[in-house]
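Quick notes on the structure that follows.
Since this is a predicted model, take the numbers as computed values, not measurements. One-based numbering, in listed order, for ligands and for the atoms of each.
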Amino acid sequence: MDKFVIRGGNPLVGTIRVSGSKNSALPCMAAAILTDEEVVLENIPQVRDIETERKLLVAMGAEVELGYGRAQHRTTISCRTISDPTAPYEIVKTMRASSLVLGPLVARMGVARVSMPGGCAIGARPIDLHTKGLEMLGAKIGYEHGYIEARAERLKGAHIVFDKITVTGTEDLLMAAVLAEGETVMENCAREPEVTDVAALLTAMGAQIHGAGTSTIEVKGVEKLHGAKHRINPDRIEAGTFLVAGAITGGDLLVAHCNPAHVTAVMGKLEECGVRVEVAGKDLVRVRGDGALKAADISTEEYPGYPTDMQAQYMALATQADGTSTVTENIFENRFMHVQELVRMGANIRVDGRTATVRGKTPLSAAAVMCSDLRASASLVLAALVADGESILDRVYNIDRGYEHIEEKLRGVGAQIRRMGNVFQGKREPEMAAL
Ligand code: UD1
């Protein structure tokens, strides 16, 4: 299993480039199921979850060509033949977002079988809102042998009000509604940029959608969708992670190829912490961490609020800020897996229910730590970048799920970070003599 070896202490200086959004790319790849023509996606990130989704689509009979190493990270997907509309347990258990194929499969094929996802590291994460919405669109839902089976001759437009805001739930039902007969109105929808991104692809494929990016989305169902080409949005969570990296290391970073409008909440919080952060161009944000960091509270919310996917990274920063910061996690019930590892590095953090209290500033000392989930891992990378000595991060496959070549990107701006172990993403770092 790969590890990262990180020696802390270097301020990050220079330009760091943001890749395409994993969380946009996943539903966009699923959207290709809705047509028998080719869908071309540009700016697909080279991360493990995308490879998992490729496997999922190929197992169903699709042809997927991941064009890495060429311009634009272009991916061409052809779902002309779907021989087996199933998302098997072996794949769903490694990536819960596999449930995004549920809506498109029922809409196009009239049947979908998706393994029930079960629990995950950050909470229960059920998909009941997906199935409830599909039922409202006329699908019959059954449960057998650990699988959800959805069937419908043709889905029918409906009025759906989400009990709770769900990002992939909104995307899944949107993809189902575009081929349903008649009109669908969805209320209390997620407003995340990833929803807007998949709606833009669907529109390019011939769907009729109004209101994506707001809490009410209206869809006029069409008989058929056609192929399209679409460029995926920049990854706002990767951009946010790099902004925190610049701030925590006292660096001067230009975060390039991002969409500044999508990182407003993170930028605002960094400013509150005393970090200089400015939009330096249409796809460029500059961050300078040359002053002392001040404590500030965060409370995670749905977009456009402070993202839960940036909570763990903020906590690493808060350990380096003077004063007491409270971090309240409102989206997932168990998303503090990084806390114990940060404490092992010297942080002073107490958790009480959904709130963590961070008392700073405490010096961090390098340690061997375990990456438990994607964003927790990012938080440990950030902590290691300022820790005294050489940290070893185990289970970095969790980082590889969502960050493209993070070690190369960080090394490019002055970090001392190396990958040790097996080959991934076609690269292998030499084993370090000291280890
Ligand atoms: C997506 C993102 C993830 C991010 C999360 C919240 C992808 C692939 N993943 O996850 O990175 O952390 O949004 O911004 O885009 N819920 C239910 N029933 C459901 C669905 C959700 O109760 O059927 C609950 C969840 O348990 C959670 C809350 O709703 O407490 C929000 O989850 P949701 O927005 O669905 O997260 P994901 O779409 O899985």
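Those atoms of ligand 1 with a heavy atom of T308 less than 4.0 angstrom away are 6 (C), 12 (O), 14 (O). Distances below 4.0 Å separate heavy atoms of R335 from the following atoms of ligand 1: 12 (O). Atoms of ligand 1 lying under 4.0 Å from any heavy atom of A97, numbered from 1 in the order shown and given with element: 8 (C). Here is the list of ligand 1 atoms found below 4.0 Å of a heavy atom in I127: 19 (C), 23 (O). For ligand 1, the atoms sitting less than 4.0 Å from at least one non-hydrogen atom of H130 are 23 (O), numbered in the order shown with element in parentheses.
The shortest N/O to N/O separation between K22 and ligand 1 does not fall below 3.5 Å. Inclusion of T168 in the set of residues having an N or O under 3.5 Å from an N or O of ligand 1 is warranted. Residue contacts with ligand 1: F332 is placed with no nitrogen or oxygen under 3.5 Å of a nitrogen or oxygen of the ligand (distance criterion only). Residue T166 has at least one nitrogen or oxygen atom sitting less than 3.5 Å from a nitrogen or oxygen atom of ligand 1, judged on distance alone. On a distance-only criterion, L26 and ligand 1 share no N/O pair closer than 3.5 Å. Remark: ligand 1 and D309 share an N or O pair separated by less than 3.5 Å (distance only, no angle test). Residue G169 places no N or O, backbone or side chain, under 3.5 Å from any N or O of ligand 1. Between E333 and ligand 1, no pair of N/O atoms sits closer than 3.5 Å.
Tested against V114 for a side-chain contact (heavy atoms from CB on, under 4.5 Å), the candidates T131, V106, L100, L102 yield a single pass: L102.
Checking D49, I331, D373, V167 against atom 33 (P) of ligand 1, the nearest heavy atom belongs to V167. Heavy-atom proximity to atom 29 (O) of ligand 1, evaluated over M95, K164, R375, is greatest for K164.
Under 4.0 Å is where a charged nitrogen must lie from a carboxylate oxygen, and between E144 and R113 no such pair does. Using a cut-off of 4.0 Å between Lys/Arg side-chain N and Asp/Glu carboxylate O, R74 and E42 are scored as salt-bridged. Look at E135 and K132 and you find no salt bridge, because none of the NZ, NE, NH1 or NH2 atoms lies under 4.0 Å from a carboxylate O. Under 4.0 Å is where a charged nitrogen must lie from a carboxylate oxygen, and between E194 and R236 at least one such pair does.
In this structure, the separation between CG on L105 and CE on M175 is 9.5 Å, given to the nearest 0.5 Å. Distance check, rounded to the nearest 0.5 Å: CG of D36 to CZ of R80 gives 8.0 Å. Rounding to the nearest 0.5 Å places CG of L270 at 6.5 Å from CG of L317.
A pairwise comparison of heavy atoms in L26 and A97 identifies CD1-CB, 3.8 Å as the closest pair. Nearest heavy atoms, V178 versus I209: CG1-CD1, 3.9 Å.
The closest approach between T131 and ligand 1 stays at or above 4.0 Å for every heavy atom of the residue.
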Legend entry - side chain to side chain contact (heavy atoms under 4.5 Å, CB included) between I298 and Q311, intermediate numbers included: CA-CA 8 Å; I298 64 160; Q311 179 256 102; 4.2 Å; yes
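Residue I237 does not touch ligand 1, judged by heavy-atom distances below 4.0 Å.
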